[in-house]
Amino acid sequence: MSIGQTIKHRTQAFKGRVTERIGRTTRNRRLQRHGRTVRISGNLKQVGDKAKNAFKH
């Protein structure tokens, strides 16, 4: 896993967290759901990369 991919996935998870928080604040459920899916997607990508590295070594 490259450093660029790690940064990209962490940034995606962070963006999702921010979007979800904005959705909660504005009581916009659609924005909240979108943020949650983006956050979870970024976290899953991080887990996948960690699993790859575990089997790589």
Side-chain angles (χ1 to χ4, degrees):
M1 172 175 69
S2 69
I3 299 295
Q5 288 290 351
T6 302
I7 293 170
K8 184 177 174 183
H9 296 155
R10 286 188 182 188
T11 304
Q12 183 179 6
F14 181 73
K15 281 183 188 177
R17 192 175 302 121
V18 169
T19 305
E20 186 178 2
R21 189 66 55 107
I22 290 170
R24 281 187 197 159
T25 304
T26 60
R27 294 185 178 149
N28 185 338
R29 288 184 183 236
R30 193 184 78 154
L31 193 60
Q32 198 175 357
R33 278 192 310 263
H34 177 69
R36 187 178 303 129
T37 57
V38 170
R39 177 178 54 88
I40 291 172
S41 176
N43 288 338
L44 286 174
K45 287 178 183 177
Q46 286 180 22
V47 170
D49 287 340
K50 287 179 184 179
K52 277 187 208 175
N53 282 341
F55 288 110
K56 192 176 192 180
H57 296 286

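Atom set for the values below is all heavy atoms of this structure, side chains included, hydrogens, waters and symmetry mates excluded.
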Q: Would you give the length of the straight line joining atom CG of N28 to atom CZ of R33, rounded to the nearest 0.5 angstrom?
A: 8.5 Å
Q) Can you name the nearest heavy-atom pair linking Q46 to A13, along with the distance? A) NE2-CB, 4.2 Å
Q. Between N43 and R39, is any pair of side-chain heavy atoms under 4.5 Å apart?
A. yes
Q) What distance separates T6 OG1 from K8 NZ, expressed to the nearest 0.5 Å? A) 11.5 Å
Q. Under 3.5 Å, is there a donor-acceptor pair between the side chain of T25 and the main chain of R21?
A. yes
Q: State yes or no: do F14 and I22 share one hydrophobic cluster built from I, L, V, M, F, W and Y residues joined by side-chain heavy-atom distances below 4.5 Å, directly or via other members?
A: yes
Q. Are the side chains of N53 and K56 in touch, meaning some heavy atoms are under 4.5 Å apart?
A. yes
Q. Transitively linked via ILVMFWY side-chain contacts under 4.5 Å: L44 with V38?
A. no
Q: Of all the heavy-atom pairs spanning T11 and I7, show the shortest one and how long it is.
A: OG1-O, 2.6 Å
Q: Only counting residues at least two apart or in another chain, list the ones meeting side chain to side chain donor-acceptor pair (under 3.5 Å) with R24.
A: E20
